[in-house]
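Accompanying notes for the structure given below.
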Amino acid sequence: MMTNDTPMPESGSDVAANLAAVRSAIAEAAREAGRDPAGVTLVAVGKVQPVEKLEAALEAGQRVFGENRVQEAKAKFPSLRERYPDIELHLIGPLQTNKVKEAVALFDVIQTVDRPKLAKALAEEMAKQGRRPACYVEVNTGAEPQKAGIPPEEVGAFLETCRTEYGLPVAGLMCIPPADEEPALHFALLSDLAKRHGLPVVSMGMSGDYGTAVRFGATHVRVGTAIFGARPAKE
Ligand SMILES: *Cc1c(COP(=O)(O)O)cnc(C)c1O
């Protein structure tokens with residue numbers, strides 16, 4: 001269930017206006033929760049969107065972006081980075097071990113660390129490249145069998161493996177709640193897990209529910225449609 005507590009755009013044609021509306025909704029939700037709006041980072045999710053829309057966002061001052069596919073990000077971002085070297089790029093989609101090399105070279109943050117084999121491959125590749133993108137552990141808060149992520153009750157053990165066995169720079173947790181459930185319960189669970197394990201970063205909330213996510217402690221919200229409009233069909 002989408003809570004629709006946040007404004008949706010009429011169309012994606014005015015990226016700058018949409019961005020401003022999303023930023024102000026984030027600030028309002030933060031203030032309502034007694035939080036500093038500066039403590040929430042907006043990750044603009046430009047997957048499947050044309051580069052022109054990303055450029056419009058960059059012109060409007062947006063620098064943090066999320067992509068869910070390594071190949072697509074590789075096609076779009078190196079040239080954007082020539083003009084905007086301070087772009088911060090997050091991988092928010094599933095990562096296969098055969099793409100780890102490219103992912104470590106391209107992304108500043110990998111939000112979807114979801115299994116020991118991937119943690120090991122990332123650690124080995126980081127050592128090779130001398131580049132250490134921040135890692136978030138993806139948590140399957142809804143325990144959905146088809147969905148990636150570590151079950152909530154196994155997060156502690158997995159974090160321990162990432163830290164002590166692989167020395168991964170784990171900064172936080174991320175989740176994608178089940179589409180048909182009230183997201184607030186999942187957001188509360190993820191915030192609680194992060195707090196319990198001393199992790200400063202909590203990545204949660206998308207176009208339909210980022211206000212709720214901020215009220216429940218999100219430090220990073222991942223917003224696509226509300227900024228760029230509906231995605232073109234192929235996804
Ligand atoms: C696509 C995507 C988003 C953005 O979704 P919108 O509903 O368009 O804001 C956020 N997080 C992940 C993991 C995604 O794949």
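Each ligand, and each atom within it, is numbered from 1 in the order the structure gives. Residue numbers count from 1 along this sequence.
Heavy-atom proximity to atom 2 (C) of ligand 1, evaluated over K47, M206, M204, is greatest for K47.
The residues E124 and K120 are annotated as salt-bridged, a charged nitrogen and a carboxylate oxygen being separated by less than 4.0 angstrom. Using a 4.0 Å cut-off between a side-chain N of Lys or Arg and a carboxylate O of Asp or Glu, D108 and R132 do not qualify as a salt bridge. In this structure, K147 pairs ionically with E144, as a charged nitrogen and a carboxylate oxygen lie closer than 4.0 Å.
Two residues are said to be in side-chain contact when any heavy atoms from C-beta on lie closer than 4.5 Å; I176 and E138 meet this criterion. Within the 4.5 Å cutoff, no side-chain heavy atoms of V109 are placed close to those of L91.
Within the listing of ligand 1, atoms 13 (C) sit less than 4.0 angstrom from a heavy atom of I176. Of all atoms in ligand 1, numbered sequentially from 1 with element shown, those under 4.0 Å from a heavy atom of R222 are 4 (C), 9 (O), 10 (C), 11 (N), 12 (C), 13 (C). Heavy-atom contacts of S207 reach the following atoms of ligand 1: 6 (P), 7 (O), 8 (O), 9 (O) (cutoff under 4.0 Å). Within ligand 1, counting atoms from 1 as listed, the ones closer than 4.0 Å to a heavy atom of T225 are 6 (P), 7 (O), 8 (O), 9 (O). With ligand atoms numbered from 1 in the order given, ligand 1 contributes 9 (O) to contacts under 4.0 Å with heavy atoms of V223.
Residue-ligand proximity: R231 is placed with a non-hydrogen atom under 4.0 Å from ligand 1.
The distance criterion of under 3.5 Å between nitrogen or oxygen atoms is not met by N68 with respect to ligand 1.
Relative ring orientation between H90 and Y136 is described as perpendicular, the plane-to-plane angle rising above 60° on a 0-90° scale split at 30° and 60°.
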